[in-house]
Every structure is written in structure tokens, then in C-alpha cells.
Amino acid sequence: QVVESCVAAAGYSVGEFAALVFAGALGFAEALYAVKVRAEAMQKASEAVPSGMLSVTGRREANYKFACLEARKHCESLGIENPVCEISNYLFPDSRVVAGHLQALEFLQENARKYYFTRTKMLPVSGAFHTRLMEPAVEPLAEVLKSIEIQKPLVCVYSNVDGKKYMHSKHIQKLLVKQVVSPVLWEQTMHSVYGRKQGTEFPYTYEVGPGKQLGAVLKKCNLKAWKQYKHVDALDDEEAAET
């Protein structure tokens, strides 16, 4: 009943492929192959430069873009050419993920107080995903997506790249490639999905899969919408009992 009455879907980063499969835009096997190629290409790009991702929580006055600029200048002073340090994920108000050269991220951690960061934590990933350091991964993914049949989604699917609904199959093909080197606008997507006139009821929201991180983000972005949220684990009870 929930699936039949669903009006919209969204997925975080690689989860966007799952949302598009759910919406009938991509076949499951083809999407899985595209995800494999994407992952391998991103891993290869990660190995080229010592880079990573830093989760940052800041006070209201925190200026993330200025902090990134100063971190890039620090890298230049170390002799790093074309350093990368930029926001790669917009999570919820006062929370971002910054990605780039490791030296830039270390600089931000050391100078956290100067930039009004209340908490910084390195993420257990091997590269600066959703930044231009992932440019070598663009072409392999673009080639795969050209060979896959993409349909218009049966329900609205929101893109990580601009927080708006996908319009047609070519649009999906273009933005899935762009997503690799663009920040994930998840906070902006939450505003797009749940923006409504005052007094209008919020829809039921289901997070499908392991973990409840997206529910936690929704709670910070829109408490009223979160009250209609439920988590559905990827495994049902029988499968869980077997594993």
C-alpha cells in the first residue's frame, strides 16, 4: 500500500541509484553495474591524491566557505598545486561535510575554534567524494550511463545535484554523472520535498535500508515532517534470523 501510494523518492549519494530503481527509471541489474563502475572509478581517483572527508558542526556564525579558502591557502604555502577543500555535503543547518586534500582538513581541525566549529571528525573514507578530485571518475560513469536505458521515473525523484525533481531520462543521465563531482545538497532537498503551506499535513516518510541517519537529518531539518517518519530495515525478520 505504501509503495502504491508513494509520490516521491530521494537517495543520498549512491542511494540516488536505489531511488531511481524504485521509481522505475533504471533496471536493477543495470543500476548495480553502474554503481560498480562508479565505485571502482572513485576508488581509483581516491588513490591518486591523499584526500578525505571531514564532518563539521558549526555555530551559527561559522563561515564554511571562508574556512575552506584559508585551508586552500595553507595547502598552497606547503607547495600543493591546485589544492581542493570544499563543502561536499550539506546535511542540516549548522552541519556540513568538507572534503579535499588531507593537509587542508588537518588545518581545519587544528583551527576549528577560529572558524566557530564546535565539532570536527574525520570520516572513515578513502577520498574526497563529491569534489573535483573525483573528475577521473566522471568519464567511466558517463560511458556506462550512455549504454543503459533510462526511463522517465513513475514517481518524482529528487536530484542530489540541485535538490530538484528529475525532468526526463537525459536529465537523469547528465546529473548522475555531475553528482560525482558536485556537493550533495541533502538539506536543500529536504526543503524541496517537505515545503508546503502552513496547515497542510506532512506525508509519511520511510527510510529503507541499514541505519537511521537520514531520519536523524530530517529531524534536524523539519521536526514536523519527522513525526511521520518510519525506518524499514533492509532485512526482514526471517533473513535476519538466517544471517
Side-chain angles (χ1 to χ4, degrees), residues 1-39 41-42 88-92 97 125 129-130 134 137-138 141-142 144-196 202-222 225-226 228-236:
Q1 190 185 353
V2 167
V3 172
E4 283 174 5
S5 59
C6 182
V7 292
Y12 186 94
S13 189
V14 71
E16 199 159 286
F17 285 85
L20 287 162
V21 170
F22 170 80
L26 294 174
F28 179 70
E30 291 88 346
L32 212 53
Y33 179 60
V35 165
K36 178 179 182 284
V37 169
R38 177 185 182 271
M42 286 169 82
S88 62
N89 304 76
Y90 290 80
L91 297 174
F92 51 85
V97 175
V125 294
F129 306 138
H130 303 291
M134 289 294 116
V138 164
L141 180 59
V144 170
L145 290 172
K146 276 180 198 165
S147 69
I148 291 173
E149 192 178 349
I150 302 174
Q151 309 280 352
K152 190 178 177 192
L154 300 171
V155 298
C156 297
V157 179
Y158 288 81
S159 165
N160 287 180
V161 172
D162 58 10
K164 295 174 183 171
K165 297 169 188 172
Y166 279 117
M167 304 308 290
H168 47 76
S169 57
K170 277 271 180 273
H171 193 211
I172 292 170
Q173 186 182 330
K174 182 182 166 188
L175 291 192
L176 278 180
V177 173
K178 199 175 175 187
Q179 191 226 54
V180 172
V181 289
S182 303
V184 174
L185 304 186
W186 193 256
E187 182 184 339
Q188 295 85 333
T189 301
M190 293 297 91
H191 294 315
S192 294
V193 172
Y194 297 104
R196 57 202 63 236
F202 285 98
Y204 289 102
T205 299
Y206 296 88
E207 179 177 3
V208 182
K212 302 177 184 177
Q213 292 93 331
L214 298 181
V217 170
L218 176 58
K219 189 177 184 180
K220 302 261 189 183
C221 288
N222 191 323
W226 175 78
Q228 304 279 52
Y229 160 90
K230 284 187 175 69
H231 173 249
V232 180
D233 207 309
L235 300 173
D236 64 25

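This chain uses plain numbering: 1 for the first residue, then up along the sequence. In this text, all values refer to a predicted model and were calculated from it rather than measured experimentally.
- Across all non-hydrogen atoms, the minimal contact from Arg38 to His130 is NH2-CE1, 4.0 Å.
- In this structure, Ala31 and Phe17 approach most closely via the heavy-atom pair O-CD2, 4.3 Å.
- In plain terms, the two heavy atoms of Ala34 and Leu145 that are nearest each other are CB-CD2, 4.3 Å.
- A donor and an acceptor atom, one from each side chain of Gln188 and Tyr90, are nowhere located under 3.5 Å apart.
- We find the CD-CD distance between Gln173 and Glu149 to be 12.0 Å, quoted to the nearest 0.5 Å.
- Considering only heavy atoms from C-beta on, Val2 stays 4.5 Å or farther from Tyr204 through its side chain.
- Ring pair Phe202/Tyr194 is tilted by interplanar angle, where 30° to 60° counts as tilted.
- Residues Gln228 and Thr205 are not in side-chain contact: their nearest non-hydrogen atoms beyond the backbone lie 4.5 Å or more apart.
- Heavy atoms only, all atoms of each residue included: Met42 and Phe129 are closest at CE-CD2, 3.6 Å.
- Side-chain contact check for Glu16 versus Ser159: some heavy-atom pair is nearer than 4.5 Å.
- Taking CE of Met167 as the reference point, atom CD1 of Ile172 lies at 11.0 Å (rounded to 0.5 Å).
- Put simply, NZ on Lys178 and NE2 on His171 are 8.5 Å apart, with the number rounded to the nearest 0.5 Å.
- Using a 4.5 Å heavy-atom cutoff, the side chains of Phe22 and Cys6 are in contact.
- Taking 4.5 Å as the limit, some side-chain heavy atom of Leu20 sits within range of a side-chain heavy atom of Leu176.
- Under the 4.5 Å side-chain criterion, counting only non-hydrogen atoms from C-beta, Tyr12 is in contact with Asn89.
- We find the NZ-CD1 distance between Lys146 and Ile148 to be 12.5 Å, quoted to the nearest 0.5 Å.
- Interatomic distance, Asn222 CG to Phe92 CZ, rounded to the nearest 0.5 Å: 14.0 Å.
- For Ala10 against Tyr158, the heavy-atom pair with the smallest separation is CB-CB, 4.3 Å.
- In this structure, the separation between CD on Glu207 and CG on Leu214 is 4.0 Å, given to the nearest 0.5 Å.
- You'll find the side chain of Tyr229 reaches within 4.5 Å of the side chain of Lys212, heavy atoms only.
- Contact check for Ile150 versus Leu26: side-chain heavy atoms found under the 4.5 Å cut-off.
- Panel note: side chain Gln179, backbone Ser13; a donor-acceptor pair is recorded below 3.5 Å.
- The two residues Gly163 and Ser192 come nearest to each other via the heavy atoms O-OG, 2.8 Å.
- Side-chain atoms of His168 never come within 3.5 Å of backbone atoms of Gln151 as a donor-acceptor pair (strictly under, hydrogens ignored).
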